[in-house]
Amino acid sequence: GGCCVSIGRNGISPIKKWWNTGDHLVEVPKIFDEQVEQYKEIFYDACRIRMRSDVPIGTALSGGLDSSSVLCSMFDTRKQSTNGQRLAADWQKAFVLVYSGTTHDETAYAKQVIKHTSTTPIYKEINPALISLDDIESAIFGFEAIQNAEPSIGPWLIYREMKRAGVSVSMDGLGGDETLAGYHEYLPIAMKDAIWPMPNASRWRELQVILSELYKEEFSEGSKAFVPTFHTVVQSFTPSISEGKAALVNCLEKSPWLLGGVRNFYRYTKRNIGELTGIPNERWLKIEPANLTSKFRDTEKIGGGYLQRYLYDDFHYGTNARSLRNFDRMSMAHGVESRAPFMDWRLVCFAFSLPSDSKLGSGFTKRILRDAMRGVLPEPIGIRKGKLGFSSPMPVWYQYGLRNQVLDTINSQQFLKSDIWNGPVIRDFTESCYRKEDYSSAVKSWKYIQAFFLMNSFERAARAGDLTR
């Protein structure tokens, strides 16, 4: 990201980096209310300019804070717009994914936003017992890569529904969590800032309460409050793993013989621990995994504090980078353009210039966005504290809808005789998980089954002569 290269008759120029977010941070007001006012102004403008379209646009609505904020700001902007702004005339369609019978279902929240904005809803239901294998294989083929845990079947289905409804542009909520600390994992990182360099017990307790509330969900069965464990407490008191690892690697690189010894010890330990726990690791692959790194990854520390640096890294190279790639592939598989107001460069630079308590404070994650959207969002959405990710309920699918296909696949001769993975080991592990009804562990086999599906899909397309389309 942020790099360019020139290719000509005389060869390829050196790759150079032309954009670095850290070089474009701004000075934000000291008073929080003024920060809120500026953030709202930029966010509204980011939504407004992305509503320019000569074709119908729609919204991928989960019912969460980010996608709801996008739709409600569009509604507010359209009410205030004047002629000549080229805002799409056809924009009031909201596409909602319904995970029937699972804790992933946020339909109740989405309906509140739909009512508030007078939007036409288009619901796509996924029944865990009736998940379509054809849809999953099509989504894997459209993605053209292997995902670590699950297929992007949800986004793939939503964008397909958009295309069927004549919508060519989607307004999405991507980027909000990574700029404003919306995920669970960010809280223990922020808790480090409450300890180092100067302990602040009240701030630490405030962040602990916020983290606890993230695990509460009114419409989710089986949810429970977060209880600080030894791990989370230690994590907040110690330096980050990434920083410790970077320091260790820097030291070891000065002694190649020592680095080689550490790597061999790590591989031996990882393999044997995997055998002891019954969860094979490297034995699942017959080939050596590729080691992919980028010398253009920014390692500089921007701003101050653990949270700021972690968010910056996750936004540019972690969760957000993967989400953008995934949603781009899934939308373009159906010819739909995905637009993300939270990715507006002005909003991103402003967010990374904010202090931590503007993002995590007053009992909430994404504090500044909630305050900016007060009176614009339905109140239950603005004060909602629970957090559900836009992901597929894979353990439920393994238990019901995908059960037969998973077992048939891992027992097929083609899967068992693969030159890439160790089919018998994967089969034995997965079948053992099914016998113990441990579906969460059984999902570990999914990326190999994805690879199997993808390879077969390409072979079928090649035989049919469809790969050039």
Side-chain angles (χ1 to χ4, degrees), residues 1-3 17 19-25 39 62 64-67 145 147-150 152 155 172-194 196 207 210-211 214-215 231-232 235-236 238-247 249 292-329 338 340-361 364-369 387-391:
C3 295
K17 193 167 181 66
W19 173 265
N20 182 358
T21 303
D23 294 335
H24 299 272
L25 301 186
Y39 186 90
S62 69
L65 179 63
D66 297 339
S67 61
Q147 298 183 70
N148 189 45
E150 62 184 77
S152 291
D172 297 334
L174 301 169
D177 285 307
E178 294 84 358
T179 52
L180 300 178
Y183 290 131
H184 305 71
E185 66 192 81
Y186 298 144
L187 270 299
I189 306 298
M191 290 162 77
K192 291 189 182 75
D193 290 324
W196 305 98
L207 294 169
I210 294 175
L211 179 56
L214 278 176
Y215 285 88
H231 171 73
T232 56
Q235 185 181 4
S236 68
T238 57
S240 67
I241 293 175
S242 60
E243 291 180 347
K245 182 179 178 182
V249 169
L292 303 176
T293 58
S294 172
K295 65 180 179 179
F296 293 99
R297 182 167 183 150
D298 298 320
T299 56
E300 65 183 8
K301 297 178 179 179
I302 70 160
Y306 291 104
L307 179 65
Q308 181 79 323
R309 298 194 294 270
Y310 191 93
L311 289 176
Y312 185 86
D313 190 71
D314 204 31
F315 179 85
H316 292 89
Y317 309 103
T319 306
N320 186 58
R322 291 191 296 271
S323 295
L324 291 174
R325 175 200 63 194
N326 295 0
F327 278 74
D328 177 65
R329 291 187 181 189
S338 174
F342 285 105
M343 292 298 301
D344 188 291
W345 73 271
R346 300 166 299 168
L347 202 63
V348 170
C349 292
F350 189 87
F352 279 114
S353 303
L354 291 168
S356 175
D357 59 4
S358 296
K359 303 176 184 182
L360 299 171
F364 293 97
T365 60
K366 299 187 279 194
R367 176 190 177 195
I368 192 169
L369 175 61
K387 175 66 177 176
L388 295 177
F390 190 50
S391 57

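In what follows, residues are counted from 1 in the order of the sequence shown. Not measured: the values here are computed from a predicted model.
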Closest heavy-atom pair, Pro341 versus Leu347, reported as atoms and distance to 0.1 Å, is O-CD2, 3.8 Å
Taking all non-hydrogen atoms of both residues into account, name the closest pair between Gly175 and Met343 and its distance.
CA-SD, 4.1 Å
Indicate the atoms forming the closest heavy-atom contact of Thr319 with Tyr183, along with that distance.
CG2-CE1, 3.9 Å
With sequence neighbours excluded, residues passing salt bridge (charged side-chain N to carboxylate O under 4.0 Å, His left out) with Arg346:
Asp45, Asp344
Would Tyr312 and Phe315 satisfy ring-ring contact (aromatic ring centres under 6.0 Å, His included), going step by step from the backbone distance to the final call?
CA-CA 5 Å; Tyr312 185 86; Phe315 179 85; 8.0 Å; no
Nearest heavy atoms of Arg329 and Ala145, plus distance in Å:
NH1-CB, 3.4 Å
List for me each residue that meets ring-ring contact (aromatic ring centres under 6.0 Å, His included) alongside Phe342, sequence neighbours excluded, and say none if there are none.
Phe43
Begin from the C-alpha positions of Asp328 and Ser338 and carry the test side-chain contact (heavy atoms from CB on, under 4.5 Å) through to its verdict.
CA-CA 7 Å; Asp328 177 65; Ser338 174; 5.9 Å; no
State the CG-SG distance between Asp23 and Cys349, to the nearest 0.5 angstrom.
9.5 Å
For Lys359, the salt bridge (charged side-chain N to carboxylate O under 4.0 Å, His left out) test, sequence neighbours excluded, returns none
Do the non-hydrogen side-chain atoms of Pro188 and Leu211 ever get within less than 4.5 Å of each other?
yes
Dump the intermediate steps for side chain to side chain donor-acceptor pair (under 3.5 Å) on Tyr186 and Glu178, then the final yes or no.
CA-CA 9 Å; Tyr186 298 144; Glu178 294 84 358; 4.9 Å; no
Consider side-chain contact (heavy atoms from CB on, under 4.5 Å). Of Thr179, Leu25, Ile368, which one does Leu354 pass it with?
Ile368
What's the separation between atom CG in Asp177 and atom CG in Leu65, rounded to the nearest 0.5 Å?
8.5 Å
Could you pull out all residues at least two apart from Phe364 that satisfy ring-ring contact (aromatic ring centres under 6.0 Å, His included)?
none
Check each of Asp357, Leu307, Leu207, Leu360 against Asp193 using the side-chain contact (heavy atoms from CB on, under 4.5 Å) test, and report the only one that passes.
Leu307
Least distance between heavy atoms, Glu185 atom then Asp314 atom
OE2-OD2, 4.2 Å
List for me each residue that meets side chain to side chain donor-acceptor pair (under 3.5 Å) alongside Ser353, sequence neighbours excluded, and say none if there are none.
none
Enter the distance from Tyr306:OH to Ile189:CD1 here, rounded to the nearest 0.5 Å.
10.0 Å
Contacts of Asp172 meeting salt bridge (charged side-chain N to carboxylate O under 4.0 Å, His left out) (sequence neighbours excluded), chain-then-number -> none
Closest approach of Ala351 to Leu180 (non-hydrogen atoms, all atoms of both residues):
CB-CD2, 4.1 Å
If you measure from OG on Ser358 to CG on Leu369, what distance do you get to the nearest 0.5 Å?
12.5 Å
